[in-house]
Student: 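Below is the structure I would like to discuss, written out as structure tokens.
Throughout, residue positions are numbered sequentially from 1 according to the sequence presented. Given the structure is predicted, the values throughout are model-derived calculations rather than measurements.
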Amino acid sequence: MSSPQAAMARSGSGPLDSFFKISQRGSTLGREVRGGLVTFFTMAYIVVLNPLIIGTVKDGSGQFVGGGTDPAASIAKIAVATALVAGVVTILMGLVANFPLALATGLGLNAFVAFSIATKMTWADAMGLVVLEGLVILVLVLTGFRKAVFEAVPLQLKVAISVGIGLFIAFIGVVDAGFVRRPAALSGPPVELGVGGNLRGWPVLVFVVGLILMVALYARKVKGAILIGILAATVVAILIESIANIGARTDKNPGGWGLSVPKLPDQWFTTPNLDTIGEFNLFGSFDKVGVVSALLLIFTLMLADFFDTMGTMTAIGAEAGLNDKDGIPPNSQRILIVDSVAAAAGGAASVSSNTSYIESASGVGEGARTGLASVVTGICFLISMVVAPLVTLIPYEAATPALILVGFLMMTQVKGIDFDDLEVAFPAFLTIVLMPFTYSISAGIGAGFVSYVILKTVRGKARQVHPLMWVVAALFVVYFAIGPLTDWLT
């Protein structure tokens, strides 16, 4: 890595450099732009995927999410709103917190809202819950509670969170690319290589070639290695699809493309429809399911969002070399404020809670170190509102190699954990393995925190545990028991 002085000479000392502290953080304008583009390419799938998850679901009133009875129209409106909110809050993250972190509708949270909440009420009522959740977290941030919890976490557990997220995003990469899949036979293993233990289809080959190219370029220290790899793999994917006409991946076509088929669209531009903005009913859920059930739902959303972001910003800061000696990123309070506002904004725009994306690590891997990268990513999201068809040109198989490479880079931090100290080693182990095994950052963090408190207690060192760690561990016990509690109350 070049020195900050050399970076300053290349990037200059203009207003952008001064505002974003580009040279001070050892980066350049070119790195920030490339990093912002890479982050967008690796998470642009959300503009396609979020509408497919929530836009095809009927709420408790029998209406498709987004309003009306036409799922196609609902999907189109949600795609536009998804890109709009992601663009605005990501730019806000860059300008307010000066941190290379992008935000968009949270996967997992959107499915939970669509399938577990909205079926009990109208979509507007469900979005009211999301807005309330965001406002509650904002209060916790402004009172200093959220940052205090973050600072109470032992450093080695913060390292474990970064390592676990690295393993998690690598797992996301191989699954989304179809390299690893869930077998058709329920009696078999939970995952397997390709289909029946064998790789199937040209798309998986695109993934493998893209990964090899990306790693080779990175090993050769080529500037823009990740971005070049994504673009090159996309071009190959388009050529293969134009010749072989592979189509989308289905049960009958397991060798197809994962999310979007990489082919040139008939229509390059669309007119944004913003009808979903403001479609929320703040307290409608309380009438539909009762006060206690509504509060439990808010608690579930809040706890997942609360710790997902904590883990994500820790991992991004560690990978970028921005964290201080205690593992805390710069401007952490501002990061948390923007993230809280984003959660409420997602509900207000009727696209579900927005949260920080670990795919931002791909931009950091490309060299991003400041909020300018987030501004670039946000602008790309806003542009995608009118050129949405172009977003579908990038299939999973072309973008996910970036997650594998960045996952490896984040895993290298594991050497910062003392595995000879059981009180830290076992909680760190649970944190690392349960993130990919449960497909949840919060579940891994929760298991690590609870086991840390238990081990300290049984070894007679309960007084060494920060009081807030006791509080958080107790909250996670409730979080893990939320299913039985909800069933009992309803």
Student: Would you mind reporting whether Leu167 and Phe171 have side-chain heavy atoms less than 4.5 Å apart?
Tutor: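 Side chain of Phe171 against side chain of Leu167, heavy atoms only: no contact under 4.5 Å found.
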Student: As an exercise, state the distance from CG of Leu129 to OG of Ser285, rounded to the nearest 0.5 Å.
Tutor: 3.5 Å
Student: Return yes if some donor-acceptor pair links the side-chain N/O of Ser384 with the main-chain N/O of Phe381 below 3.5 Å, else return no.
Tutor: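 The answer is yes, because a donor-acceptor pair under 3.5 Å joins these two groups.
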Student: Assess the side chains of Lys456 and Gln464: does a donor N or O sit below 3.5 Å from an acceptor N or O?
Tutor: yes
Student: Okay, side chain of Gln333, backbone of Lys147: is any donor-acceptor separation there less than 3.5 Å?
Tutor: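 Not at all, since once roles are kept as given, no pair shorter than 3.5 Å links the two residues.
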Student: Answer with yes or no after comparing the ring centroid distance for Tyr452 and Phe426 against a 6.0 Å cut-off, counting only values under it.
Tutor: no
Student: Only distances under 3.5 Å count here; give the side-chain donor-acceptor pairs of residues 87-99 to other protein atoms, sequence neighbours excluded, each with its distance to 0.1 Å.
Tutor:
unit_1	atom_1	unit_2	atom_2	d
Thr90	OG1	Ala86	O	2.7
Thr90	OG1	Leu103	N	3.0
Thr90	OG1	Leu103	O	3.0
Asn98	OD1	Gly371	N	2.8
Asn98	ND2	Phe20	O	3.0

Student: Measure the spacing between CD1 of Ile328 and CG of Leu322 and express it to the nearest 0.5 Å.
Tutor: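 Ile328 CD1 to Leu322 CG: 13.5 Å, rounded to 0.5 Å.
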Student: Without swapping roles, check the side chain of Asp17 against the backbone of Ser23 for a donor-acceptor pair under 3.5 Å.
Tutor: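 Yes; at least one donor-acceptor contact below 3.5 Å.
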Student: Before you tell me yes or no, could you show the steps for Arg34 and Val376 under side chain to side chain contact (heavy atoms under 4.5 Å, CB included), namely the whole-Å CA-CA distance, both residues' side-chain angles and the distance that decides it to 0.1 Å?
Tutor: CA-CA 9 Å; Arg34 289 198 305 270; Val376 172; over 6 Å; no
Student: With Thr370 as reference, evaluate Glu32, Arg25, Lys21 under the side chain to side chain donor-acceptor pair (under 3.5 Å) test and give the passing residue.
Tutor: Glu32
Student: Would you please name every residue forming a side chain to side chain contact (heavy atoms under 4.5 Å, CB included) with Tyr218, sequence neighbours left out?
Tutor: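 Counting only residues at least two positions away or on another chain, Tyr218 forms a side chain to side chain contact (heavy atoms under 4.5 Å, CB included) with Ala225, Leu405, Leu409.
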Student: Find the distance between CG (Leu403) and CG (Asp176) and round it off to the nearest 0.5 Å.
Tutor: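 The CG atom of Asp176 is 7.5 Å from CG of Leu403, to the nearest 0.5 Å.
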Student: Given Ile161 and Met310, is the side chain to side chain contact (heavy atoms under 4.5 Å, CB included) satisfied, shown in steps?
Tutor: CA-CA 9 Å; Ile161 290 170; Met310 189 184 79; 4.2 Å; yes
Student: Any non-hydrogen side-chain atom of Val191 less than 4.5 Å from a side-chain atom of Val175?
Tutor: no
Student: Is there a donor-acceptor contact under 3.5 Å from the side chain of Ser374 to the main chain of Leu101?
Tutor: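 Pair found, side chain donor or acceptor close to backbone of Leu101.
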Student: Between Met127 and Val351, is there a side-chain heavy-atom distance shorter than 4.5 Å?
Tutor: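 They are not in contact (no side-chain heavy atoms under 4.5 Å apart), so the answer is no.
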Student: Without swapping roles, check the side chain of Glu133 against the backbone of Ala343 for a donor-acceptor pair under 3.5 Å.
Tutor: no
Student: Should we count OH of Tyr439 as having more than 12 external heavy atoms under 6.0 Å?
Tutor: yes
Student: Taking the side chain as every heavy atom from C-beta outward, state whether Thr105 and Ser353 have any pair of such atoms under 4.5 Å apart.
Tutor: no
Student: Taking Ile337 as the fixed residue, which of Asn331, Ile137, Leu138 is the one that meets the side-chain contact (heavy atoms from CB on, under 4.5 Å) rule?
Tutor: Leu138
Student: When rounded to the nearest 0.5 angstrom, what distance separates CE in Met313 from OG in Ser332?
Tutor: 5.0 Å
Student: Measure the shortest side-chain to side-chain distance between Arg369 and Val364 over non-hydrogen atoms and say whether it is less than 4.5 angstrom.
Tutor: yes
Student: Between Asp125 (side chain only) and Ala118 (backbone N and O only), is there a donor and an acceptor less than 3.5 Å apart?
Tutor: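 No, the answer is negative, given that no donor and acceptor are paired below the 3.5 Å cut-off.
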Student: So do Ile228 and Met214 actually touch side chain to side chain, heavy atoms under 4.5 Å?
Tutor: no
Student: With a 6.0 Å cut-off (strictly less than), is the heavy-atom count around CZ of Arg334, excluding the residue itself, greater than 12?
Tutor: no
Student: Any pair with a residue in residues 408-421 that passes salt bridge (Lys or Arg N to Asp or Glu O under 4.0 Å), sequence neighbours left out, goes on the list, sorted by first then second residue, please.
Tutor: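 Non-adjacent pairs meeting salt bridge (Lys or Arg N to Asp or Glu O under 4.0 Å): zero.
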Student: Looking at residues at least two apart in the chain, or sitting in another chain, which of them share a side chain to side chain contact (heavy atoms under 4.5 Å, CB included) with Ala462?
Tutor: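 Per chain and number, Ala462 pairs via side chain to side chain contact (heavy atoms under 4.5 Å, CB included) with Thr457, Trp470.
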Student: Mind checking the CH2-CG spacing from Trp123 to Asn281? Nearest 0.5 Å is all I need.
Tutor: 14.0 Å
Student: Would a 4.5 Å heavy-atom cut-off, applied to side chains only, mark Ile277 and Leu84 as touching?
Tutor: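 Yes, side chains in contact.
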Student: Using side chain to side chain contact (heavy atoms under 4.5 Å, CB included), reason through Leu372 and Phe19 one step at a time and then give a plain yes or no.
Tutor: CA-CA 9 Å; Leu372 180 58; Phe19 182 83; over 6 Å; no
Student: Counting N and O atoms only, with roles assigned by atom type, does the side chain of Thr377 sit under 3.5 Å from a partner on the main chain of Gly36, one being a donor and the other an acceptor?
Tutor: yes
Student: Kindly say whether Ala349 contributes a backbone atom to a donor-acceptor pair with the side chain of Thr276 at under 3.5 angstrom?
Tutor: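 Indeed, once roles are kept as given, a pair shorter than 3.5 Å links the two residues.
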Student: Does the distance from a Lys or Arg side-chain N to an Asp or Glu carboxylate O, for Arg459 and Glu423, drop under 4.0 Å?
Tutor: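 A salt bridge links Arg459 with Glu423.
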Student: In terms of the angle between their ring planes, are Phe449 and Phe476 parallel, tilted or perpendicular, with boundaries placed at 30° and 60°?
Tutor: perpendicular
Student: Is the shortest side-chain heavy-atom distance between Thr400 and Phe179 below 4.5 Å?
Tutor: no
Student: With rounding to the nearest 0.5 Å, note down the distance linking SG in Cys380 to CE in Met385.
Tutor: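 Nearest 0.5 Å value for the SG-CE distance: 14.0 Å.
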Student: Please list, chain by chain and in numerical order, all residues satisfying side chain to side chain contact (heavy atoms under 4.5 Å, CB included) with Thr355, sequence neighbours excluded.
Tutor: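 Thr355: side chain to side chain contact (heavy atoms under 4.5 Å, CB included) contacts with Asp305, Thr309, Asp339.
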Student: Excluding sequence neighbours, so at least two apart, what forms side chain to side chain contact (heavy atoms under 4.5 Å, CB included) with Glu279?
Tutor: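 With neighbours one apart ignored, the set is Ser350.
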Student: Take Val130 and Phe280 through the side chain to side chain contact (heavy atoms under 4.5 Å, CB included) test and state the conclusion after the steps.
Tutor: CA-CA 9 Å; Val130 173; Phe280 69 97; over 6 Å; no
